[in-house]
Amino acid sequence: MSSKETFTQISPSEFFYRNRDLAGFSNPTRSLYTAVREFVENSLDACDQKGILADVHMSIKAVDAEKQDPKQYILTVRDNGPGIESNHVPLAFGTVLYGSKFGLKQARGMFGLGATMAILYGQITTNKPVVVKSSTDGKIQDEYEMLLDIQKNKPVILKHETKEVSKSGLSVSICLEGDYAKAGTKIRDYVYQTSLITPYATITFDDPKGEKYRYTKVIRTMPPSPTIIRPHPHGIDVETIRRMLLDTHYQIPAVDDNMISKVRKELGLANKNLSHSEIMVKTQKKWKTLTRPVRIIMALVSFLKMDFEKLSKTTIEEIDIANKKLTYWDFGESQSISIDMDPESFYYKQLANTVQGETITSFLTKRFQRVGPTTALKFAEYAKFKPEHRIGTMTNQELVKLTDGLQTFDDFMAPDPSCLAPLGESPLKKGMERFFEPDFLEVVQRGASAYSGFPFVIEMGIAYGGKISSRGMKVYRFANRIPLLYDEGSDVVLKVVNDTDWSRYKIKGDPPLVIVSHICSTRVPYKTVGKENVADRPEIERELKLALLSLSRKLSSFMSKRGQADAAIKRKNLYSKYIPLIAQFCTELAGKKNEPNYKQMITEEPIVEEKTD
Amino acid sequence: MDKQSALVDLLRKHGAQIYDDIDNGNFPKFTIPSRSVSNIVYDKKIRQYILGANMAVRSSRNTSQLRSFTQLMWLAFFANRLTGQKKSSTLRDVYYSSQAFAVDFEDQSESDNIIVDLEAVLASPRESFHVFPEERSSVFGDLTIEYTVPGYEGKKTNLSDHPDGYAIGPSLTSSEFTETSAEVVIAIEKGGLFTRFVEEQVDKKFKAIIVDTGGQAPRSTRTLLKRLHDELSLPVVILTDGDVYGEHIAMVIKSGSANAAHLRGLTVPDAKWVGVWATDIEKYKLPTIPMTESDIKRCHDLLKDPRYQEGIWKKELEVFLKIKRKAELEAFSKYGLTNITDKYLPQKLELAKSL
């Protein structure tokens, strides 16, 4: 029956090292592309958050230009963002799971994990350090050369020096194995499309072949940045609820020497030894100025009936609110002692509140968005909880019941979209104008909507003709300002576009047509781990359809106006060709010498085409 | 000719109207009888298909009609020149002539269609504005004609002078008939039999003018037949192969075709089809060939035609359908080369008198 298996804990770095495929580092082609994305998106996010109009400069250089792909490349991404405090640099770039992007609002990446993964990948494939240059004040720049200790998940700093600079910002440079021959198209597409959806940023790219791609900013105002908000009840799961409960209700502080000296200090009894009843008198006088942990300790003391001397030899074992019993371990007597608590006591209520946590209704109104006292009461009734039920006393079963209730209760208001950061109609329009120089351009931003408790906003633009050279419809898909390049076929946007009967909108054949679709959400429902295609949630599909519908109607009216103008030109050409001939023939037929005056007929614009059978 | 100058007048009238429209800054238009199938009706009184009352407007303002309007104008202009200069042309010739005037036709069928339009506007066959068909059929017999075409005015000829017969072209159809001893006109479907008839002196034996229709009779041939009947009061009899198509060749000579519903004066309502009938196949024990699917279909189609609702026309169709066999004129050769002229023809000519 004995097993020799041993269980060892692995560090997050180790975990990612073993599972790098999951994060998009499966092969040199994909890895190069993923690394580019992670760094560029980090830079853009950092600038966005500080309201800086981003300048992001990216370069990829081959270490040995003569070698065949896959080979080593140096990837450098430099921005004009806020930089990272010198002492945070080693942790931010030298450990996995050190990130600043926690909280519920729309951002490109989730936790800043990807950049570290890219560094890790570079180190694995080339054994070269990452070079990070950061300046937060625009005067002093810290330069670090680091390796990552995978087993310990700790940075190994090889070099650290500072120098004077004139601009703030961050520059990250890694050496990694990549295949630019294969990844080049995707990377160029990525840079191009990212610029399209980020018209307020300048993005440049110097590729290994010496090609330079420059996309300068079209607008100088940034879309309003999103605010961090509380979660919506529909978007919650059991684990999230458990965590929320944990940091909602206060733990009973440990009664150790530190705590006792803190209590004495707050009561103004640092050096005085008073009896229990004297202490309690003092406590009542000072109650309002006491901090929460001290209040709890004093509530316990009121039942323990001890002075500080005795208290220091005691450990609280259990506070059983239901049976009104308090159990403690007495070091002096080396035994557990249970005492009764008086439920009428002022201190009992204080203790009960702390241990049991707040009521379910107060928990809901304080900790979730869009839940007021009335809704909270209605919900309690729906989920079969007493409104005054304390969240601190919930069993696991009740927790599941609460979560199910939150997910299924229909009367919560729609999620608050203020955590979203759509680009806005005008920036989108300006971006598309610059990129496509079309004859027709319309954009639309739909109102906020929600699926499963996650708010989302659809923005869409449609461009036709002009300098659009592609034949056939081209769809650019974006989610949270990130271009989606892979797995186009299975995407919900494509489905909606393909389901549209374009002939109804006077679009036929292979039109020079571009559609830009942008989904903003705190959680984009990707179909796959690769995060390249959006799943067809009915709510999202509906919004996409409505957006496309309003745009295609406008396109249709443009097309018919254009059709009319074309027809007028065509008509004029036909008249100019045939009327003189008719004039010539009828002159001879009628036996006249001079031709009739037809000039007016071929110069004037005819109004309506006559209908004859 | 009076008729000719009336046509020229009509052309001038249309031309002047259009000239004035343009000069006043109006887009010219005119109406022509609609030639759509729904507007073709059978007139029992004159025993032919005619166009109904529906008219179509052709407007030069309408860009989808402008091109065909111009084409029609050009054709009127061209017809005016042809008649004025007494020159003749053909359908194909018209198609090529258009190119000299920057008037484009996609193909000949488009120009043919415009020619039919002009026929409808003028209510005259194209021969009247000197556009003649390519196909030539022949005529032989004692008939003296006097030419009216330029260069031959007053010149006479007798149609029995040349044993191959005379081609029925514009000069022949426009000639004056001065003298004949003939008492009957025999129209025959096939050139081979026409030659046999000349060799066997059918013209003399039966005092006949023999016309080879060359299959479906061209309009100039039908015009000639009509003139022989109307001007010389000669009865017209028709001999065709013993099949549905032969029967219909006879019917077209008698009462025209739906294609020419816009025209009058191409029919010989008194013409008589004398054979080869379906009933003759049995009667004369002729060698036969089976009818094809398309023969049978054609038979059913014709049975729905108002002209086939009575007499031998209906009866013979029904017999064809019953026996499902057909026989050609040459079938009589089974009984000797002259059998058809010696035996069959006299019987049929006799019979014709009672039809």
Side-chain angles (χ1 to χ4, degrees), chain A residues 439-440 464-465 503-509 511 556-613, chain B residues 7-32 34 36 38-39 54-81 83-84 98 100-104 118 121-122 129:
Chain A
D439 292 338
F440 169 85
Y464 181 91
S503 63
R504 280 181 53 197
Y505 303 105
K506 302 184 175 63
I507 301 293
K508 280 170 203 140
S556 166
S557 87
F558 165 79
M559 292 302 284
S560 61
K561 269 184 209 142
R562 182 180 165 123
Q564 279 165 13
D566 284 354
I569 292 166
K570 204 176 141 197
R571 208 153 53 225
K572 208 170 162 182
N573 289 341
L574 283 172
Y575 288 154
S576 305
K577 180 178 175 188
Y578 288 112
I579 298 287
L581 287 171
I582 295 175
Q584 179 199 339
F585 301 145
C586 74
T587 305
E588 189 172 316
L589 265 182
K592 306 249 186 187
K593 270 189 183 158
N594 300 317
E595 287 190 356
N597 179 18
Y598 58 80
K599 292 261 161 20
Q600 185 194 348
M601 291 174 66
I602 62 175
T603 47
E604 257 183 29
E605 205 54 51
I607 306 142
V608 193
E609 193 149 314
E610 202 170 297
K611 280 272 175 246
T612 50
D613 70 327
Chain B
L7 186 87
V8 172
D9 266 1
L10 196 56
L11 285 172
R12 171 156 311 179
K13 207 183 106 234
H14 280 298
Q17 176 65 46
I18 285 162
Y19 184 97
D20 289 345
D21 277 342
I22 293 179
D23 213 30
N24 293 326
N26 297 325
F27 284 90
K29 61 180 168 184
F30 53 79
T31 54
I32 57 175
S34 166
S36 69
S38 59
N39 198 40
N54 292 352
M55 301 295 273
V57 178
R58 289 289 168 84
S59 168
S60 59
R61 185 196 290 279
N62 186 329
T63 51
S64 62
Q65 295 176 355
L66 180 57
R67 189 173 125 98
S68 60
F69 186 98
T70 310
Q71 290 170 338
L72 186 56
M73 274 309 296
W74 170 77
L75 186 68
F77 156 90
F78 187 67
N80 190 45
R81 280 197 173 178
T83 49
S98 67
F101 296 91
V103 177
D104 45 338
L118 188 63
V121 172
L122 303 173
F129 48 87

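Heavy atoms only: backbone and side chains are in, while hydrogens, waters and symmetry mates are out. For clarity, every value in this text was computed on a predicted model and none was experimentally measured.
In this structure, no portion of B/Asp21 lies under 4.5 Å from any heavy atom of chain A. Heavy atoms of B/Asp9 lying under 4.5 Å from chain A are absent altogether. For a residue to count as touching a neighbouring chain, one of its non-hydrogen atoms must lie under 4.5 Å from one of that chain's; by this rule B/Phe101 touches chain A with backbone and side chain alike. The contact between B/Arg67 and chain A is made by backbone and side chain atoms together, counting heavy-atom distances below 4.5 Å.
Within the 3.5 Å criterion, the main-chain N or O of B/Asp23 finds no donor-acceptor partner in the side chain of A/Asn597.
By the ring-ring contact (aromatic ring centres under 6.0 Å, His included) test, A/Tyr464 pairs with no residue at all, sequence neighbours left out.
A/Lys599 contributes atom NZ, which lies 12.0 Å from atom CD1 of B/Ile22 (distance to the nearest 0.5 angstrom). Here the straight-line distance linking atom SG of A/Cys586 with atom CG of B/Asp20 works out to 8.5 Å at 0.5 Å rounding. To the nearest 0.5 Å, atoms OG (B/Ser64) and CG (A/Leu574) are separated by 10.0 Å. Put simply, CD on A/Glu588 and CE on B/Met73 are 10.5 Å apart, with the number rounded to the nearest 0.5 Å.
Smallest separation of non-hydrogen atoms from B/Phe27 and A/Met601: CD2-CE, 3.5 Å. Contact record, B/Ser60 with A/Tyr575: O-CE2, 3.4 Å, taken as the closest heavy-atom pair.
Close approach to chain B, defined as a heavy atom under 4.5 Å from one of its heavy atoms, is seen in A/Lys577, A/Tyr578, A/Ile579, A/Leu581, A/Ile582, A/Ala583, A/Gln584, A/Phe585 of residues 577-585 of chain A, taken by number.
Ranking B/Leu11, B/Ile18, B/Leu66 against chain A, the residue ahead of the rest is B/Leu66, based on heavy-atom pairs under 4.5 Å.
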